[in-house]
Amino acid sequence: MIVPSRSTEVADALSDGRPVVALESTIFSHLGLPSPANAEALDRCMNVVRAAGAVPAVTAVLDGVARVGLDPSEHERILGPAHKAAERDLPVAVAQRWEFGATTVSASVALAATAGVSVFATGGIGGVHRGAGATGDISADLDALAHHRVVTVCAGAKAFLDLPRTLEYLETVGVPVLGWQHDDFPAFYTRSSGLPVPHRVESAGEVATILANRTRERSGVLVGVPIPESSELDPIELDRVLADALADCDAAGISGAAITPFVLGRIGEATDGRSVPANLSLAENNARVAAEIAAAVSDASAT
Ligand code: PSU
Ligand code: MN
């Protein structure tokens, strides 16, 4: 089995029972955000986790080694072009000594769980793609949420996915979906997808208790945190932008793992970059909530 290498800071925090928050590297690479916003996103997420008293642990594969927690001198390495690494790619990235494998949500929750980190923050998760009935394109993120003992904190998923089917899938595989002080599953740039979450939670303590009382040893919990109101984009404009981005994706014959980065890039262009500050704001906000949850998980394990 893969044994990720933990930074000294992360290993020390875990052995002392202090809170740790895993962060994925795909969003900070060129696959997730354009430069220099990606560097700002990384800084803001790291800082907000530390300000809340937790230790940030970025996941990545560097020079063929799966890592949980990077040294600040290595941050530069995750801000550029990357090879996308989902969970199934991790053993390949090790065997073939990938210089930089950018870990997606599925790879990050797998590495976090193996390293003993219980809480993970990201921007948005992957999900069931529109038209999956024909293409079968369902993100490996969903299966990973079901099979690793990690709380994933996200702003929902982008509306270019099939959100009703994404929620159905999570129900089928037994992942509790919790709305953070909110009744709807969030849709990334907008606070509400129009789809209710099965359960609303008000506090980090509740999430920690839910994690502690799962019925399956290896299974996760998903928390949907709506984007802060002041950063939300206009839902009507966004619908149009998403429809255009998906049409462009079809016309360009893009398929498989390349779909998500392509559509993300198109949304950035079509909103004149206004999607980027929204993305930074929600990523930072998710990292803050994740740090609160990590603190509650540590407190619960100490008692
Ligand atoms: N959604 C975003 N930004 C992202 C991703 C998703 O808004 O950067 C990335 C995440 O790393 C996620 C991955 O795990 O895309 C999902 O890709 P796919 O659909 O190929 O499973
Ligand atoms: Mn896919």
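Worth knowing before you read on, the calculation uses all heavy atoms, side chains too, and leaves out hydrogens, waters and symmetry mates. What you see is a predicted model; the values in this text were computed from it and never measured. Order of appearance sets the numbers: ligands from 1, and atoms from 1 within every ligand.
Among protein heavy atoms, the minimum distance from atom 5 (C) of ligand 1 is reached at Thr260 CG2, 3.9 Å. For atom 2 (C) of ligand 1, the closest heavy atom belonging to the protein is Lys158 NZ, 3.2 Å. Protein heavy atom at the shortest distance from atom 11 (O) of ligand 1 is Glu24 OE1, 2.7 Å. The protein heavy atom nearest to atom 21 (O) of ligand 1 is Ser139 OG, 2.7 Å.
The number of protein N, O or S atoms lying under 2.8 Å from the Mn ion (ligand 2) is 1.
The neighbour count for Arg165 CZ, taken as heavy atoms of other residues, nucleotides or ligands under 6.0 Å away, does not exceed 12. Within 6.0 Å of the CZ atom in Arg50, the count of heavy atoms belonging to other residues, nucleotides or ligands exceeds 12. Surrounding CD of Glu202 are more than 12 heavy atoms belonging to other residues, nucleotides or ligands, all under 6.0 Å away.
Less than 4.0 angstrom separates some heavy atom of His129 from each of these atoms of ligand 1: 19 (O). Every atom of ligand 1 is numbered from 1 in the order shown, and the set under 4.0 Å from a heavy atom of Ile27 is 4 (C), 8 (O). Every atom of ligand 1 with a heavy atom of Asp141 under 4.0 Å away is listed here by number and element: 12 (C), 14 (O), 16 (C). Ligand-side atoms of ligand 1 in range of Phe188: 7 (O), range being under 4.0 angstrom from any heavy atom. If you number the atoms of ligand 1 from 1 as listed, the ones under 4.0 Å from a heavy atom of Gly124 come out as 1 (N), 6 (C).
Residues Ala13 and Val20 share a closest heavy-atom pair of CB-CG2, 3.7 Å. In terms of heavy-atom proximity, Pro176 sits nearest to Gly220 at CD-O, 3.3 Å. Nearest heavy-atom pair, Ser192 versus Asp184, reported as atom, atom and distance to 0.1 Å: CB-OD2, 3.3 Å.
Here the CD1 atom belonging to Ile227 is positioned 11.5 Å from the CD atom belonging to Glu284, to the nearest 0.5 angstrom.
Checked by atom type and distance alone, the side chain of Thr103 never pairs as donor or acceptor with a backbone atom of Ala107 at under 3.5 Å.
A donor atom on one side chain and an acceptor atom on the other are found under 3.5 Å apart for His148 and Glu87. Side-chain contact, His129 with Thr135: no donor N or O sits under 3.5 Å from an acceptor N or O. Between the side chains of Arg67 and Thr59, no donor N or O sits under 3.5 Å from an acceptor N or O.
Distances from atom 4 (C) of ligand 1 to the heavy atoms of Ile267, Thr26, Val105, Leu264 put Leu264 nearest.
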**OP:** Check step by step if side chain to side chain contact (heavy atoms under 4.5 Å, CB included) holds for Val153 and Trp180.
**Re:** CA-CA 9 Å; Val153 180; Trp180 180 258; over 6 Å; no
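Contacts between Thr104 and ligand 1 below 4.0 angstrom, taking non-hydrogen atoms only, involve backbone and side chain alike.
Considering backbone and side-chain N/O atoms, Lys84 comes within less than 3.5 Å of an N/O atom of ligand 1.
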